[in-house]
Protein chains: 2
Amino acid sequence: MRLFARHGFAAVSMRQIATEVGVQAGALYNYTPDKQSLLFDLMREHMDALLDAWQQEDPGGTDARARLEAFTRFHIRFNTRRADAVFVSYMELRNLTGENFAAVTELRRIYETRLEEILRAGQDAGVFTLAEPRITAMAVIALLTGVNTWYRDAGRLKLDEVETLYWDMVRRLVGG
Amino acid sequence: MRLFARHGFAAVSMRQIATEVGVQAGALYNYTPDKQSLLFDLMREHMDALLDAWQQEDPGGTDARARLEAFTRFHIRFNTRRADAVFVSYMELRNLTGENFAAVTELRRIYETRLEEILRAGQDAGVFTLAEPRITAMAVIALLTGVNTWYRDAGRLKLDEVETLYWDMVRRLVGG
DNA sequence: TGGATAACTGAACGGGCGTTCAGATAAAAG
DNA sequence: CTTTTATCTGAACGCCCGTTCAGTTATCCA
């Protein structure tokens, strides 16, 4: 994943990957049928981990504001700790074959829907004001994922502080 | 640019590019010293065009709200019409050599600063409420660029409507 | 300990890569 | 029309690619 994130899928050879893990290229084929499957497995595992982790952290219940705050903090925390996987899962979609692409895209759609449902619930409860729940969901995800472009562990702001800043923005964005 | 966006820089060969424009691979070297320079030139031209276009559209003046709305609408319009260039300019940064990377990154920084200055002006004028102008600028840009992931010309919403939806979100985001 | 199974090596395969360049061709200039 | 200049072709260079596989080495189980 690190190699793919750093150089791009097409630019990384099976020989480089093999060197990284201390074997010859041929040995990799005991673990993956081909290079494309290796990429797909990495991406699917990342998306599965994302969905599972959110299922663990979602407080559920009827307090849409609390759930949205939890989502905001969760997304930032999860994605900054797996920057390589996030980058690859977004950028190398084009290197997947038709059905592999569809599978990963579907998992992404499900994740977006998790957020969308929180927004709809909040809207129904009268705590959020928003015109288009689906679009707002994608807007919020784009906003939050953007943290990855600048956040560094050694930077001025602790992750906690970043989460709070972004929660402020998200809260206002949804009219809550 | 289309080929790079669709398949990735490393996955596109000089022979493919040559075929696309109707010559043999060798002829390309009358126009670029090497493949890397070709990528760099495309990216730098895109960033230059972005900065120039905003300079044309920036209403200037002291009305920070009007300038921010203009920025929001401009960014969405410009980026959706050049989706390939936006994608490549973000994603293929890693394929640039040190100094080429620095040059493109600097142009991006300048663009972010244009927005940051609008936010600071609005903050000083008391029309915006935000804790971190720089971070808010990057958050807004990430939010707006996210339109590219889902917007299609043939979709349900006209670009005008999308601009209005996002301007609503941005306005609330900055406490305006 | 011995036999089976899993893991790995090292070489090979056909093929595509970026780039170069002598020679052919087209366009421009005088 | 002739000469000069700009473009382009087509072949070649050395190199690296993903993948396969016979043979070797390590691990596991009875």
Side-chain angles (χ1 to χ4, degrees), chain A residues 1-48 84-105, chain B residues 1-48 84-105:
Chain A
M1 194 68 105
R2 187 173 59 245
L3 288 174
F4 287 160
R6 200 159 300 177
H7 309 292
F9 175 72
V12 175
S13 70
M14 293 299 271
R15 286 170 180 83
Q16 280 178 268
I17 298 169
T19 299
E20 194 79 2
V21 297
V23 295
Q24 295 296 317
L28 297 178
Y29 290 84
N30 288 315
Y31 303 95
T32 183
D34 50 40
K35 196 186 172 192
Q36 150 100 206
S37 299
L38 185 58
L39 175 64
F40 174 61
D41 287 346
L42 286 174
M43 287 171 72
R44 200 198 40 214
E45 280 162 24
H46 169 68
M47 293 307 297
D48 283 346
D84 285 344
V86 172
F87 194 62
V88 169
S89 294
Y90 170 59
M91 202 153 88
E92 304 292 357
L93 278 173
R94 61 189 176 189
N95 281 303
L96 294 181
T97 59
E99 58 179 355
N100 287 351
F101 176 88
V104 174
T105 299
Chain B
M1 194 69 104
R2 186 173 60 246
L3 288 174
F4 287 160
R6 201 158 299 178
H7 309 291
F9 175 72
V12 174
S13 70
M14 292 301 270
R15 287 169 180 82
Q16 281 178 268
I17 298 169
T19 298
E20 193 80 1
V21 297
V23 294
Q24 294 297 317
L28 297 179
Y29 290 85
N30 289 314
Y31 303 95
T32 183
D34 52 39
K35 195 186 173 193
Q36 152 100 206
S37 298
L38 185 58
L39 175 64
F40 174 60
D41 288 345
L42 287 173
M43 287 172 72
R44 201 198 38 213
E45 279 161 25
H46 169 68
M47 293 307 296
D48 283 346
D84 285 344
V86 172
F87 193 62
V88 169
S89 294
Y90 171 57
M91 201 155 88
E92 303 293 357
L93 278 172
R94 61 190 174 188
N95 281 302
L96 294 180
T97 58
E99 59 179 356
N100 286 351
F101 176 88
V104 174
T105 299

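Proteins come first, then strands; the chains are lettered A, B, ... in the order of their sequence lines, and each starts at number 1.
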A:Met43 CE to A:Tyr90 OH distance, which is reported to the nearest 0.5 Å: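 Rounded to the nearest 0.5 Å, the CE-OH separation comes to 11.5 Å.
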Rounded to the nearest 0.5 Å, how far does CD of B:Gln36 lie from OG1 of B:Thr97?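 It is 4.5 Å, given to the nearest 0.5 Å.
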Test salt bridge (Lys or Arg N to Asp or Glu O under 4.0 Å) applied to [X] - qualifying residues, sequence neighbours left out:
X: B:Arg6; value: none
X: B:Asp41; value: B:Arg44
X: B:Glu20; value: B:Arg2

Kindly write out the residues that satisfy side-chain contact (heavy atoms from CB on, under 4.5 Å) with A:Arg15, not counting sequence neighbours, or none if the list is empty.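 Scan of A:Arg15 (side-chain contact (heavy atoms from CB on, under 4.5 Å), adjacent residues dropped) gives A:Ser13, A:Ala25.
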side-chain contact (heavy atoms from CB on, under 4.5 Å) filter on A:Thr32, not counting sequence neighbours, yields A:Met14, A:Ser37, A:Leu38
Side chain to side chain, A:Leu39 and A:Asn100, heavy atoms closer than 4.5 Å: no
Given side chains that start at C-beta, do those of B:Leu96 and B:Val104 come closer than 4.5 Å, heavy atoms only?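 Answer yes - side chains close enough.
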Terminal axis angle for the helix from C:dT1-D:dA30 to C:dG30-D:dC1, five pairs an end, nearest 10 degrees: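 Angle reported: 20°, given to the nearest ten degrees.
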Tell me which residues in residues 22-34 of chain A lie within less than 4.0 Å of DNA chain C, going by non-hydrogen atoms. A:Val23, A:Gln24, A:Gly26, A:Ala27, A:Asn30, A:Tyr31
Short of 4.0 Å, heavy atom to strand atom, which residues of residues 93-100 of chain A count as contacting DNA chain C?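 None - not one residue of the stretch has a heavy atom sitting under 4.0 Å from the strand.
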Please test B:Val88 against B:His46 for side chain to side chain contact (heavy atoms under 4.5 Å, CB included), starting from the C-alpha separation and ending with a verdict. CA-CA 10 Å; B:Val88 169; B:His46 169 68; over 6 Å; no
B:Lys35 NZ to C:dG16 C1': how many Å, rounded? 12 Å
Classify A:Val12 by what it touches in the nucleic acid, base, sugar-phosphate, or nothing, heavy-atom distance under 4.0 Å.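 Sugar-phosphate only.
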Side-chain (B:Gln24) to main-chain (B:Ala18) donor-acceptor, under 3.5 angstrom: no
Give me the atom names and distance for the closest heavy-atom approach of A:Lys35 to A:Val12.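 It is NZ-O, 2.7 Å.
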Partner of B:Val23 by side chain to side chain contact (heavy atoms under 4.5 Å, CB included), out of B:Asn30, B:Leu28, B:Ile17: B:Leu28
Any donor-acceptor pair, under 3.5 Å, between the side chain of B:Arg15 and the base of C:dG16, if you only look at N and O atoms?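 Absent.
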Which salt bridge (Lys or Arg N to Asp or Glu O under 4.0 Å) pairs, counting each pair once, include a residue from residues 85-103 of chain A, with sequence neighbours left out? A:Glu92-B:Arg94, A:Arg94-B:Glu92
Of all nucleotides in DNA chain D that come within under 4.0 Å of a heavy atom of chain B, which is furthest toward the 5' end and which toward the 3' end? D:dT7 to D:dA12
Contact letters for nucleotides 23-29 of chain C, in which S counts primed atoms plus P, OP1 and OP2 and B counts the base, heavy atoms under 4.0 Å: -------
Sequence neighbours excluded, every pair satisfying ring-ring contact (aromatic ring centres under 6.0 Å, His included) that has a member inside residues 8-34 of chain A: A:Phe4-A:Phe9
